Amino acid sequence: MPKKRQAFKHNIVAIIYDFDGTLTEKPMQEYTVLPKIGIPAKKFWDTVNEETKKTKGEQIVTYMRLMLKYADNKDIAIKPADFRKLAKNIKYYPGVEKFFERINKFVDSLSNGKVELRHYIISAGLKEILNGIPFKNKFHNIFASEYHYDKYYHADFPKIIVNDTLKTQFIFRINKGREKMHESINTHMSHLDRAIPFRNMLYIGDGESDVPCMTVIKKEGGYAIAVCKKGSSKGINKAKDLLKAERVDFITRADYSKNSELEKIVKIILRNIVEGITFRKEIFKQYLTYIA
Ligand SMILES: [Mg+2]
């Protein structure tokens, strides 16, 4: 016999952000580690691409390995605290810093405090750098690639790899409420028992590496937005391709300022999600009254 469910649980909404190209114009390494070890960004990424081809390796593992190699060649030890400090050099798209709190207030007033909004980052970049971003406390959780450290706190091996397809693992972790890496996400869990249904999720990303996440979320009834840099024809064309392929619901400039087009779109989607939650809550009441 199924267990009686006495409380409606699905009143949590998640906005999930990619980081590089979504909240910032450039990859985080270009503001932080690469200037520190004194290598031009283009040279570094070209070497990563060549090395990936040559070794038939995975791109994220390759960049993490080469970053350590370059730092070591210059006798620079990069420890977690250094990564955190370097994060202060990151430049964000307009309005990013204040966006999260404003949207929280919007959902709070829209739902009379009945719906909780959570923000997440899923990034192929480095968790150690993201630990130093000034608005880190606005996020419920941040998933990103991470190094293992030896007893001297020197990075010596990749500990967690996040690439485009692995990113979807974290969507399921959020969905099932199993956000710790040691928690299995493969055991069956009924949709009613899951922490945050896909239809309560909004994914914001900027490119092809976001396609697996966008696809999973949209297929399951959630929403996706592609953002691009203002005035970038390459960016807008990428976004248009995503819209044409129905990977996203909306495309717009990466401008998180008050009353920006992006904010308006996010609010349209959140209104829809909150309305859906109210609707399903009523259905749940019927279930409790007549069936449970
Ligand atoms: Mg990106």
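Whatever order the structure lists them in is the order used to number ligands and atoms, beginning at 1. Since this is a predicted model, take the numbers as computed values, not measurements.
The hydrophobic cluster around Ile283 extends to Phe279, counting ILVMFWY residues whose side-chain heavy atoms fall within less than 4.5 Å of a member.
Around the Mg ion (ligand 1), protein atoms of type N, O or S found under 2.8 Å number 3.
Atom CD of Glu208 has 12 or fewer heavy atoms from other residues, nucleotides or ligands within 6.0 Å.
Here the two rings, on Tyr17 and Tyr203, have centers that are 6.0 Å apart or farther.
Within the structure, salt bridge (Lys or Arg N to Asp or Glu O under 4.0 Å) pairs that include any residue of residues 283-292 comprise Glu282-Lys285 (at least two apart or interchain).
Taking the ring axis of Tyr256 as reference, the NZ or CZ atom of Lys98 does not stay both within 45° of it and closer than 6.0 Å to the ring centre.
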Show which side-chain atoms of residues 32-43 pair as donor or acceptor with protein atoms under 3.5 Å away, not counting sequence neighbours.
| residue | atom | partner | partner atom | Å |
| --- | --- | --- | --- | --- |
| Thr32 | OG1 | Met28 | O | 2.7 |
| Lys42 | NZ | Asp46 | OD2 | 2.7 |

